[in-house]
Number of protein chains: 2
Amino acid sequence: MENQKKIPKPVIKRLGLYYRCLNRLSDEGIDFVASKDIAERLGIKSSQVRKDLSYFGEFGKRGVGYNTYELMTKLEKIIGVNKYWNVIVIGAGNIGTALVNYEGLRKEKFSIIGIFDADRSKVGKKIGKLTIKHISELEDFFKKNIVEIAIIAVPENAAQMMVEKLENLGIKGFINFAPIKLRTKLPVEDVDITLSFKSLTFKIDRELK
Amino acid sequence: MENQKKIPKPVIKRLGLYYRCLNRLSDEGIDFVASKDIAERLGIKSSQVRKDLSYFGEFGKRGVGYNTYELMTKLEKIIGVNKYWNVIVIGAGNIGTALVNYEGLRKEKFSIIGIFDADRSKVGKKIGKLTIKHISELEDFFKKNIVEIAIIAVPENAAQMMVEKLENLGIKGFINFAPIKLRTKLPVEDVDITLSFKSLTFKIDRELK
DNA sequence: TAGATTGTTAATCGATTAACAATC
DNA sequence: TAGATTGTTAATCGATTAACAATC
């Protein structure tokens, strides 16, 4: 229920953290939890937890806290991981291969159902249970499968072209590993581990925390 | 030169983006660049570029812009990637293995010089040019090598213990892949790809950009 | 009831941006 | 000089936090 107020970007990032935290609490057999407890585990303020949740509804009981399982289920729906998402990987290089092998994704409701590469010498090779397909097979693949998310793991110069092709085929969003800003009207999440390393060295040199 | 004013967190994140952008411009043979051009490539405002840079000095020429190579070199020093950093990986699972194989890190001045695991059945196996060592060999390894950064790629329950061990051995900072908040006085950068996926599905469901 | 904790408001804090004098 | 673009100030915008009435 409730307001269609604009959700601040930092809140979106924290939703996943809350969800993860609730999962842990649930595993630990904790049935009720106060915003203060969640905040402590995540190293933030309890008022921030309450404020963030308030964008989506009223999930707590005053004087008591939140029902762990109930809030977890609510967050699951809000984030959209109450169902499996079909994902394809574009680019069977180092990153693409690693992602297909990474079982963590599937656990979090993301199923990689295909991997594609432009290099014909890679086509036909197996990665886990998947066989690398050629880029030219994409169109056909979209006809036979529901594909929602594409992981862009191709070199920089090929990324934008692939994005346009996939947009035309009806993809819904991108996880982008190419070190470039993608031009698209669809949602994109950029991932660049080397940027994290650079933030770290900056902090180390300045003795920041 | 200049002020020891506090650097806003978002600025730290953008430094790497600026550096990357300057690298491209340099490759493209562009000798001078205006803040407007940098901003356009990154999808931000030119005043933000100028303001961000101003925390570290005056690098431009009015009416002209910035000398690409010069600014790149300055940023390199500011970020701290004007030298190589020695990195070890803790945990030879999926993520740890992928990182050792990922040549992108070395290109960005991060050399992985060791990988460690608690599982003795993995010890002795090769990943690229490295041989997996047992956790118990860490102390000795620190005596024989300069180790600055540790990548935590072990399961959640082992992460905090490893952090404390490494802190005692004199590590300077952590890249953390464990889905947990590490308690340490040293700088940490958390990396969690599944969080990016969750932000994406949230946006897809709400038709946000 | 007494104690605890929510949901929300208002105050504070921090980051972004427009605007412009300085100057190449 | 005329035009362009910086570096910086001040205004705006957005996010966090403290505080507290509501209520379990």
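So that the names make sense, note that chain A is the first sequence line, chain B the second, and so on, each numbered from 1. The figures here come from the full heavy-atom set of this structure, side chains too, leaving out hydrogens, waters and symmetry mates.
Using a 4.0 Å heavy-atom criterion, one finds that A/Phe59 contacts the sugar-phosphate atoms exclusively. The residue B/Lys51 sits close to a base: some heavy atom pair falls under 4.0 Å.
Under the Watson-Crick or G-U wobble criterion, with both distances below 3.5 Å, D/dA22 is paired with C/dT5.
The side chain of B/Gln48 lies closest to C/dT16, out of C/dT16, D/dT6, D/dA15. The side chain of B/Ala34 approaches D/dT6 more closely than any other nucleotide in the set C/dA18, C/dT16, D/dT6. The side chain of A/Pro8 approaches D/dA15 more closely than any other nucleotide in the set D/dA15, C/dT17, D/dA18.
Residues A/Lys13 and A/Lys9 form no side-chain contact, since every pair of their non-hydrogen atoms from C-beta on lies 4.5 Å or further apart. Side-chain contact between A/Tyr19 and A/Val81: present, with at least one pair of heavy atoms (C-beta onward) separated by less than 4.5 Å.
A/Glu189 pairs in a side-chain contact (heavy atoms from CB on, under 4.5 Å) with only one of the listed residues (A/Ile175, A/Ile149, A/Asn176), which is A/Ile175. Test B/Tyr84, B/Trp85, B/Phe110 against A/Phe197 for ring-ring contact (aromatic ring centres under 6.0 Å, His included) and you get one pass: B/Phe110.
Side-chain nitrogen and oxygen atoms of A/Tyr66 include at least one within less than 4.0 Å of the OP1 or OP2 phosphate oxygen of C/dG7. For the OP1/OP2 pair of D/dT16 and a distance below 4.0 Å, the side-chain nitrogens and oxygens of A/Arg14 include at least one atom meeting the criterion. Contact check, B/Ser35 against D/dT6: a side-chain N or O comes under 4.0 Å of OP1 or OP2. Here A/Arg50 reaches the OP1 or OP2 of C/dT6: one of its side-chain N or O atoms lies under 4.0 Å away. Regarding contacts with the backbone of D/dG7, every side-chain N or O of B/Ser54 stays at 4.0 angstrom or more from both OP1 and OP2.
In this structure, A/Lys36 places its NZ atom 7 Å from P of C/dT5, rounding to the nearest Å. As a whole-Å value, the separation of A/Lys45 NZ from D/dA19 P is 11 Å. The nearest whole Å value for the distance from the CG atom in B/Leu71 to the P atom in D/dT5 is 16 Å. Rounded to whole angstrom, the span from the CZ atom of B/Phe56 across to the C1' atom of D/dG7 amounts to 15 Å. Rounded to whole angstrom, the span from the CD1 atom of A/Ile44 across to the C1' atom of D/dA18 amounts to 15 Å. Rounded to whole Å, atom C1' of D/dG7 lies 13 Å from atom OH of B/Tyr55. For the pair A/Asn67 CG and C/dT5 C1', the computed distance is 15 Å after rounding to whole Å. B/Lys9 has its NZ atom 9 Å from the P atom of C/dG14, to the nearest Å.
A side-chain donor from one of A/Arg50 and A/Ser46 sits under 3.5 Å from a side-chain acceptor of the other.
Side-chain atoms of A/Arg62 stay outside donor-acceptor range of the base of C/dT5, with no qualifying N/O pair under 3.5 Å.
Mapping A/Val11 and A/Lys61 onto DNA chain D by nearest heavy atom places A/Val11 at the nucleotide closer to the 5' end.
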Please report the C-alpha distance between B/Ile113 and B/Phe141 in whole Å, then the side-chain angles of each, then the deciding distance to 0.1 Å, and finally whether the side chain to side chain contact (heavy atoms under 4.5 Å, CB included) criterion is met. CA-CA 10 Å; B/Ile113 60 168; B/Phe141 191 84; 3.9 Å; yes
